[in-house]
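Worksheet for the structure shown next.
Letters go in sequence order (proteins before strands), and every chain restarts at 1. Fair warning: this is a prediction, and the values are worked out from it, not measured in the lab.
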Amino acid sequence: MIKATSGASILDTMVLNPVQYEAVCYDGGPQLVFAGAGTGKTRVLTAKIAFLIEQKKILPAQIFAATFTNKAAAEMRARLETVFGLPCQGLWIGTFHSLCARLLRRQADKLGFPASFTIYDSDDQVKLLKKILLQYKIDERVMTPRSVAGAISKFKNACVTPAQAAAREGSFYDREINRIYEAYQTALKKAAALDFDDLLMQSVLLLRNFGDVAAHYQDFFRYVLIDEYQDTNLAQFYFVKLLAARHNHVFAVGDDDQSIYGWRGAVVDNILSFEKHFTGTKIFTLEQNYRSTGPILSFANEAITPNVHRARKRLQATRPGGVPVVVSQYRDDRDEADAVADTLAASIAGACAAGEMAILFRTNAQSRVFEETLRKRKIAYKLVGGTSFYERKEIKDCLAYLRLLANPLDDISCERILNVPPRGLGEKTEGALLEYAGQKQKSLLQTICSEPLDPFGPRAQRGLQDIKSVFELLGEMNARKESPHEILNQMLTLTGYLDNLENDDSEVSENRIENVNELVNALTTWNEENPDKSLCDFLEEVSLVSDIDEWDKTATAVNLMTMHCAKGLEFKTVFLVGCEDGILPSRQNFDDERKIEEERRLFYVGITRAMNALYCSYALQRFRFGMVTPMAPSRFLRAIDQKSYTFIDTSSAYAPPPRSETPQFSRRDFAGPSVKDDYSYSQETVQYHRGQQVLHKVYGQGKILAINGFGADMRMTVLFTDGSRRKMIAKYAQLEIA
DNA sequence: CCATCACCACTTTTT
DNA sequence: GTGGTGATGG
């Protein structure tokens, strides 16, 4: 480590190693910084901005810096402002999506959108696609809204417009998709809405199709900085290429080994062939890892080595000492959770604060067992992600009102609130309203507010009149620039939304009331912090928050999140749970070696979050999809030399259960790489047939309704005498023939 | 029109 | 366990 010494500079206060320092101060054109996990990437990026503002005298407003999360952006800005005292007014720093939204709001008219356009999330997207599929009379079994959404997303991530898509050769299915894509884009435009992918694609189209706009921004933005470059997609690449065309100052930071977003269109090739696309590129490689101890790093290096598609590099440990990585085998998911809780409790009582520890898993569904166990043990935890606050029904309802107020063309939001709270506007009225609006060539809300309501029955008229007066009042408030939280409060009163929830005394609605109140609070706070921002700004922020943006590092609770979510974070102690084939790697990626490599990178990302202690674990069976399923240790673990970790098998610590309860598979001790893939099961098969009366030791007598598969994979549905119907795996169910 | 219940299919990761 | 959908009765 050396300290920068060129004159009195902010850089002097930042401890940078020689490569970091060189990367920060280099100013000879495009730069690519390969920054392995824990090598000080954020530090370099922050220092680079400081260098540009302080040394190169670049105006903050002329720097375009794309980060991976809003949180990272906010932290960097705060650091620059408060620690270094640099004015960052106008600095373009944020996620690609929010930066593009900012750009598009300013130039919306060029693309034929109002500046107040709405941002549709995947939920809205699916709703809109459902409507279109219905219109086109396409059977949902042939094409689901989700699959179409995926296809459209693919187009947009590669910046393929409907016209370009239509010009391509393709199967009947492809042509159908193209038709829907075009209809979908038309519908979005009519609703003055953009989806997530549009934010990127339309920004590219803006620069591509409007030479003067492009020239302006190309001239204006002197430097373009991109973090996590390995996770950019084609649209983002085009955008960067266009934006930096004039000054050619591109500063990209990333790590191909941490590319984990291929499934949503990211192209690792963006980083791997950066040099080819930006001539005169200088490459910097950061390999000094300051985060993890030696044992964790060797484990990480070993884990990622099998990947073929990567730029060769190896992280160097700088921290001395360290305890071995622990790999543990458990009987089932509950045992795994219990053991993790034990270790957590011991650590909290000892050396490590709860907030410094994290449980990382592959899928959100895995969080459940841990939540239950931790709650039982009274260990405070914080679940990051899952269904985020803003995706809850009641919150989306409230936001739909606000969105509709900001953009009366948004029919999806209007349909959402039409009968929420219930006001007698059911399916029939909705259909009639849709029809009527179509005739009048207006949006739903416009029709309700400005057309005679005579064609509707008296009941419907009353309901529609309700909506009309609500929006007239809210519209006036908005026009008087009253604060968004007052508008929300007024909405809740006028519509009786809260009253409606209060009348329903179920536990769910109690929770919902709390959530709505939380929304009011959030909006109030936001309003205080951003007195000059509008309702539109709030809605945009809400649409673009990511799960991790909500995360608070200082909280004194154990962190639970997916490995994807944990990217960019670090914890003193990390539990990598559910390291099982079928989960990590996911079964759905078994057939594709490239996807397996991405799963392996995810495993690598998980490992490299750990600073001092890493526990990897797997269970031999776990409760999934409503039944107990046998599991085998992850192939990623099996590929690591057993000398690189300490193995603990707690599954054999149990006293052998009575014979009738013993699962009928041979439980082999895990023995590192020497173990073969044959986690075989004994052939002690019983002949079952449909309609047979059987006896279960917990549920009692029942009848076999259906049998699927055979041998070790046999599953059956059994109807028990208590009326319950259960799916079970034959070899665990231990059914006796009655 | 609305609330309720039974049944279904689905659970990879997310801006 | 979830959540969405469809049939049924109030």
A/Trp263-B/dT13 aromatic stacking (under 5.5 Å, under 30°):
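It does: the ring sits over the base of B/dT13.
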
Is [X] salt-bridged to [Y], cutoff N-O under 4.0 Å?
{"X": "A/Arg635", "Y": "A/Asp581", "result": "yes"}
{"X": "A/Lys396", "Y": "A/Asp124", "result": "yes"}
{"X": "A/Asp195", "Y": "A/Lys156", "result": "yes"}
{"X": "A/Lys131", "Y": "A/Glu415", "result": "yes"}
{"X": "A/Lys71", "Y": "A/Glu75", "result": "yes"}
{"X": "A/Lys567", "Y": "A/Glu228", "result": "yes"}
{"X": "A/Glu541", "Y": "A/Lys533", "result": "yes"}
{"X": "A/Asp257", "Y": "A/Arg601", "result": "no"}

Measure from [atom1] on [X] to [atom2] on [N] and round the result to the nearest Å.
{"X": "A/Arg146", "N": "B/dT13", "atom1": "CZ", "atom2": "P", "answer": "11 Å"}
{"X": "A/Arg601", "N": "B/dT13", "atom1": "CZ", "atom2": "C1'", "answer": "13 Å"}
{"X": "A/Arg622", "N": "B/dT11", "atom1": "CZ", "atom2": "C1'", "answer": "14 Å"}
{"X": "A/Lys567", "N": "B/dT14", "atom1": "NZ", "atom2": "C1'", "answer": "11 Å"}
{"X": "A/Ile260", "N": "B/dT15", "atom1": "CD1", "atom2": "P", "answer": "11 Å"}
{"X": "A/His564", "N": "B/dT11", "atom1": "NE2", "atom2": "P", "answer": "16 Å"}
{"X": "A/Asn364", "N": "B/dC10", "atom1": "CG", "atom2": "C1'", "answer": "14 Å"}
{"X": "A/Leu199", "N": "B/dT14", "atom1": "CG", "atom2": "P", "answer": "19 Å"}

Can you tell me how far apart CD (A/Glu599) and CG (A/Asn589) are? Round to the nearest 0.5 Å.
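So the gap between those two atoms works out to 4.5 Å.
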
Atom pairs under 3.5 Å: protein N/O with N/O of nucleotides 1-7 of chain C:
| residue | atom | partner | partner atom | Å |
| --- | --- | --- | --- | --- |
| C/dG1 | O3' | A/Arg368 | NH2 | 3.4 |
| C/dT2 | OP1 | A/Arg368 | NH2 | 3.3 |
| C/dT5 | OP1 | A/Lys130 | NZ | 2.9 |

Please list, for nucleotides 1-3 of chain B, all pairs of protein and nucleotide N/O atoms separated by less than 3.5 Å.
| residue | atom | partner | partner atom | Å |
| --- | --- | --- | --- | --- |
| B/dC1 | OP1 | A/Gly426 | N | 3.3 |
| B/dC1 | OP1 | A/Thr429 | OG1 | 2.9 |
| B/dC2 | OP1 | A/Asn419 | ND2 | 3.4 |
| B/dC2 | OP1 | A/Gly424 | N | 2.9 |
| B/dC2 | OP2 | A/Asn419 | ND2 | 2.8 |

State, to 0.1 Å, how close A/Leu103 and A/Trp92 come at their nearest heavy-atom pair, and which atoms those are.
N-CZ3, 4.0 Å

Phosphate OP1/OP2 of [N] contacted by [X] side-chain N/O (<4.0 Å):
{"X": "A/Asn70", "N": "B/dT15", "value": "no"}
{"X": "A/Thr562", "N": "B/dT14", "value": "yes"}
{"X": "A/Ser546", "N": "B/dT15", "value": "yes"}

Parallel, tilted or perpendicular: which fits the ring planes of A/Trp263 and A/Tyr261, with parallel below 30° and perpendicular above 60°?
tilted

Residue pair A/Thr363, A/Gln366: steps toward the side-chain hydrogen bond (donor to acceptor under 3.5 Å, both in side chains) verdict:
CA-CA 6 Å; A/Thr363 68; A/Gln366 287 168 259; 3.1 Å; yes

What does the 5'-to-3' dot-bracket notation of DNA chain B look like when only Watson-Crick and G-U wobble pairs under 3.5 Å count, and pairs to other strands show as |?
|||||||||......

